Enquirer: 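First, the structure itself, so that you have it in front of you.
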There are 2 protein chains.
Amino acid sequence: MQRIATMKDVAQKAGVSVMTVSRAFKQHASVSEDTRKRILGIAEELGYVFDSNAATFRTQKTGFVAVIIPSLNNANFADTTAALSTALKPAGLQVLLGYSNYDVHEEEEIVEQFLRRRPEAIVLTGGRHTGRTRELLRRAQIPVIETWDLPEDPIGHVVGFSNATTMHDLVGHLVASGRKRLAFLGGDTNGDTRGADRRRGFVAAMKYHGLSPDRLISVGDPPISMREGADAMSRLLRDHADTEAVICVSDLSAFGALTECARKGVRVPEDIAIAGFGAYDISAVCFPTLTTIDPHPAEIGRSAGELIVSLLRGGRSGKNDPVRIEIAPQLSVGGSSA
Amino acid sequence: MQRIATMKDVAQKAGVSVMTVSRAFKQHASVSEDTRKRILGIAEELGYVFDSNAATFRTQKTGFVAVIIPSLNNANFADTTAALSTALKPAGLQVLLGYSNYDVHEEEEIVEQFLRRRPEAIVLTGGRHTGRTRELLRRAQIPVIETWDLPEDPIGHVVGFSNATTMHDLVGHLVASGRKRLAFLGGDTNGDTRGADRRRGFVAAMKYHGLSPDRLISVGDPPISMREGADAMSRLLRDHADTEAVICVSDLSAFGALTECARKGVRVPEDIAIAGFGAYDISAVCFPTLTTIDPHPAEIGRSAGELIVSLLRGGRSGKNDPVRIEIAPQLSVGGSSA
DNA sequence: AATTCTTATGTTATCGATAACAATCAATGT
DNA sequence: ACATTGATTGTTATCGATAACATAAGAATT
């Protein structure tokens with residue numbers, strides 16, 4: 001069990017100064033090609049591994065971008081995170097990933113913990129946060145990007161879409177197909193802020209069409225599982241048997257609802273139409289396929305990543321003007337509402 | 001845009017030494033309760049945020065545990081990661097998460113990148129890695145834990161199960177139901193090492209029962225989507241119409257296969273039984289429910305996390321004996337093979 | 001009262017890299 | 001031949017916290 005090698009060890013063995021070794025490990029530093037090769041060879045020989053923490057400490061640039069998503073186990077957020085990570089990689093930035101369990105207080109805790117690591121930027125999911133979270137982020141003096149929402153009073157930058165507005169298209173589509181008695185399933189708790197926004201959008205859209213938005217079914221706190229979607233559908237069928245279409249807070253609950261219909265012998269879309277949200281894989285594979293909204297999760301991640309790179313490495317002049325990028329969600333009509 | 005406050009600033013304002021401030025931020029350090037409160041108050045007032053990087057640098061303890069999974073977008077690995085993260089948290093350890101895209105060379109790259117951050121331990125998914133990966137990890141002199149497999153020649157510790165062996169139970173169950181012409185869907189590429197192990201296990205189990213393991217359907221490289229499962233099923237039905245049961249490399253492909261049967265009018269389980277792997281949510285919700293194997297992903301994560309904590313913080317004496325923890329996967333019989 | 005023990009706090013050196021500046025040497029221009 | 005330039009390498013100070021040791025003052029012990 002010997003001590004881990006440092007640059008000093010490499011420098012000694014190579015007969016050069018530590019600075020020269022440091023340069024050999026950089027891309028554009030001025031070291032003769034001979035020396036560089038020799039040094040890297042010796043480093044490999046000694047099993048030397050560059051110490052990012054030491055470099056980070058000296059330069060005060062960690063290369064970290066903190067990313068907080070509600071849950072690891074969600075394909076939408078995973079897609080956003082993967083695309084974000086990919087966009088950051090060429091700039092030498094690394095994602096520090098945390099999850100909040102859909103709870104703004106847990107989010108606050110993680111933000112506080114992450115800020116101690118001195119990330120160069122931070123990406124949040126959603127536009128609702130505790131006052132302390134906002135204050136901590138304001139003080140941190142790093143780019144803050146809120147995603148998956150279009151908050152009215154953003155902390156900093158925004159890459160997202162309006163969850164409420166997406167419901168206008170969807171309700172419009174269902175109404176155009178002649179259906180009038182529409183229900184909304186989910187979005188009834190404080191925890192599910194995006195779901196609640198969608199529900200508000202549903203109510204607004206129904207009123208816009210002169211319809212009564214009184215078929216609102218609860219499902220409880222997120223994450224909302226397929227099972228919960230099935231249970232809620234069962235209640236809907238019991239309490240509002242004449243419903244003509246149901247919009248679910250996500251594709252997962254929509255799929256659960258779909259299976260419940262299969263079990264109950266309710267035909268989709270003949271007896272009832274079903275729509276979801278998120279364009280999860282399952283929406284395109286299940287039978288019938290699901291009508292859904294594709295919020296382009298990867299596009300959000302890529303866009304946020306590019307924004308961060310341009311803010312941190314692009315030498316932007318107007319660092320002070322917050323950027324607001326709107327990603328347009330897309331209605332995708334499937335067999336479940338044909 | 002003012003300079004970020006350091007401990008020195010807090011110390012000056014509080015009229016104490018930096019060391020006292022440092023102690024005030026620790027749990028068990030000897031500072032009078034009065035002083036501590038006063039210091040923390042001043043810190044808050046100044047907007048001081050503890051600098052983990054500096055502390056890390058001095059103590060040479062980063063508090064990072066590197067975790068590499070094949071893909072962010074996979075509920076099984078997400079469950080393992082979440083449970084791991086939860087188990088590490090009380091010990092003050094934080095997950096540094098990366099993904100390999102199911103590619104051992106990408107894995108090698110991430111391992112190399114992560115080691116520069118000096119994680120205190122590293123968790124890999126699977127038991128197959130490049131020679132260089134193994135060498136890098138050996139040199140790093142930190143606990144290495146391979147998961148989701150039981151490699152014959154592990155690098156260090158292991159928390160997992162034998163993918164091949166799980167197929168014995170499953171084949172046994174299907175054979176016991178009177179089915180003889182079984183097919184396996186997936187596991188045909190180098191990329192899908194765990195899938196390939198399952199396929200090998202399938203072949204071995206078939207031979208054990210004196211049956212011919214010649215119905216092997218390709219699906220390509222992971223991640224294997226529902227869609228690919230459906231496509232593969234379509235080929236199976238075309239080429240081996242008399243197949244009585246099919247085992248799919250995962251629940252996602254199994255579900256795709258299930259939907260394909262629905263489209264083709266093939267009844268499940270009457271005409272053909274279907275089984276998956278992974279006990280994903282969908283297996284319990286779809287209709288019919290899927291027969292599957294639950295590898296207890298969260299249990300793997302929890303167990304790996306506890307192992308790491310005991311290795312790093314528990315002051316284990318026998319640090320040198322590699323630990324091998326076997327998690328027993330569980331057969332879950334659903335309607336798809338009734 | 002003298003000694004020992006405790007508790008609270010201060011002092012100094014240090015972790016491993018890099019920025020900034022200095023120095024050396026060969027090549028080039030006049 | 002001499003000044004100038006450019007390429008390469010070296011020297012020194014430093015980032016912000018903490019370990020280890022030192023010290024001071026009051027409490028407990030004899």
Side-chain angles (χ1 to χ4, degrees), chain A residues 2-40 42-43 46-64 92 113 115-120 140-141, chain B residues 2-40 42-43 46-64 92 113 115-120 140-141:
Chain A
Q2 62 192 8
R3 193 176 49 80
I4 292 278
T6 72
M7 269 194 186
K8 203 171 164 186
D9 302 316
V10 178
Q12 270 166 4
K13 184 144 187 187
V16 296
S17 71
V18 180
M19 199 62 228
T20 301
V21 178
S22 172
R23 291 190 179 106
F25 273 88
K26 300 280 153 260
Q27 207 60 261
H28 302 294
S30 63
V31 198
S32 74
E33 212 41 51
D34 280 1
T35 323
R36 164 171 280 141
K37 270 185 194 143
R38 197 164 56 83
I39 288 174
L40 294 182
I42 288 172
L46 290 178
Y48 169 71
V49 175
F50 184 90
D51 187 333
S52 289
N53 293 318
T56 266
F57 177 55
R58 176 59 178 91
T59 61
Q60 297 294 86
K61 292 196 159 205
T62 57
F64 282 132
Q113 190 192 124
L115 286 180
R116 295 176 161 214
R117 297 279 186 186
R118 299 287 189 268
E120 298 187 45
Q141 305 185 65
Chain B
Q2 62 192 7
R3 193 176 49 80
I4 293 279
T6 71
M7 269 195 185
K8 201 171 164 189
D9 302 315
V10 178
Q12 269 166 3
K13 185 144 186 188
V16 297
S17 71
V18 180
M19 198 62 228
T20 301
V21 178
S22 171
R23 290 190 179 106
F25 274 89
K26 301 280 154 261
Q27 206 61 261
H28 302 293
S30 63
V31 198
S32 74
E33 212 40 51
D34 279 359
T35 321
R36 164 172 281 143
K37 269 186 194 143
R38 197 164 55 84
I39 289 174
L40 293 182
I42 289 173
L46 289 178
Y48 169 71
V49 176
F50 185 89
D51 187 333
S52 289
N53 294 317
T56 265
F57 177 56
R58 177 59 178 91
T59 61
Q60 298 293 88
K61 291 194 160 206
T62 58
F64 281 132
Q113 191 193 122
L115 287 180
R116 295 175 161 217
R117 296 278 186 186
R118 300 286 190 268
E120 298 188 44
Q141 305 185 65

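Nothing here was measured: the structure is a model prediction, and the numbers come from that model.
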Enquirer: Checking contacts here: which listed nucleotide (C:dA17, C:dT9, D:dT9) is nearest the side-chain heavy atoms of A:S32?
Expert: D:dT9

Enquirer: Tell me the interatomic distance from B:F57, atom CZ, to D:dA17, atom P, rounded to whole angstroms.
Expert: 13 Å

Enquirer: Rounded to whole Å, how long is the line connecting atom CZ of A:F50 with atom P of C:dA17?
Expert: 7 Å

Enquirer: What is the nucleic acid contact for B:V18, judged by heavy atoms within less than 4.0 Å: base, sugar-phosphate only, or nothing?
Expert: base

Enquirer: What I want to check is whether an N or O donor and acceptor connect the side chain of B:R23 with the base of C:dG10 at under 3.5 Å.
Expert: yes

Enquirer: A:T62 and A:P119: which non-hydrogen atoms are nearest, and at how many Å?
Expert: OG1-CA, 3.8 Å

Enquirer: Could you tell me the separation between the CZ atom of A:R58 and the P atom of D:dC15, rounded to a whole number of Å?
Expert: 7 Å

Enquirer: If I take atom CZ in residue A:R38 and atom P in nucleotide D:dT8, what distance separates them, rounded to the nearest angstrom?
Expert: 15 Å

Enquirer: Using the six-membered ring wherever Trp is involved, compare the ring planes of B:F25 and B:Y48 and label them parallel, tilted or perpendicular (cut-offs 30° and 60°).
Expert: perpendicular

Enquirer: Classify B:T35 by what it touches in the nucleic acid, base, sugar-phosphate, or nothing, heavy-atom distance under 4.0 Å.
Expert: sugar-phosphate

Enquirer: Nearest whole Å is fine: how far is D:dC15 C1' from B:I4 CD1?
Expert: 14 Å

Enquirer: Main chain of A:A14, side chain of A:R38: is a donor-acceptor contact present, judged purely on distance under 3.5 Å?
Expert: yes

Enquirer: Counting side-chain heavy atoms from C-beta on, which of C:dG16, D:dA17, C:dA17 comes nearest to B:Q60?
Expert: C:dG16

Enquirer: Between A:M19 (CE) and D:dT14 (C1'), how many Å, whole number?
Expert: 13 Å

Enquirer: Hey, is the side chain of B:T20 poking within less than 4.0 Å of OP1 or OP2 on C:dA8, counting only N and O atoms?
Expert: no

Enquirer: If you compare every side-chain N and O of B:S17 against the phosphate oxygens of C:dT11 (OP1, OP2), does one of them come in below 4.0 Å?
Expert: no

Enquirer: Can a side chain N or O of B:K8 be found less than 4.0 Å away from OP1 or OP2 on D:dG16?
Expert: no

Enquirer: Nearest-nucleotide wise, let me know which of B:T59 and B:G15 is further upstream toward the 5' end of DNA chain C.
Expert: B:G15

Enquirer: Can you measure B:K26 atom NZ to D:dA19 atom C1' for me and round it to whole angstrom units?
Expert: 12 Å

Enquirer: Within this structure, what is the CZ-CG distance for the pair A:R117 and B:D51, rounded to the nearest 0.5 Å?
Expert: 10.0 Å

Enquirer: Hey, is the side chain of B:Y48 poking within less than 4.0 Å of OP1 or OP2 on D:dA17, counting only N and O atoms?
Expert: yes

Enquirer: Using atom types as modelled and distance alone, determine if a side-chain donor or acceptor of A:R36 lies under 3.5 Å from a backbone N or O of A:K26.
Expert: yes

Enquirer: Starting from C1' on C:dC15, measure out to CZ on B:R118 and report it in whole angstrom.
Expert: 12 Å

Enquirer: Contact class for A:M7 (heavy atom, under 4.0 Å): base, sugar-phosphate, or nothing?
Expert: sugar-phosphate

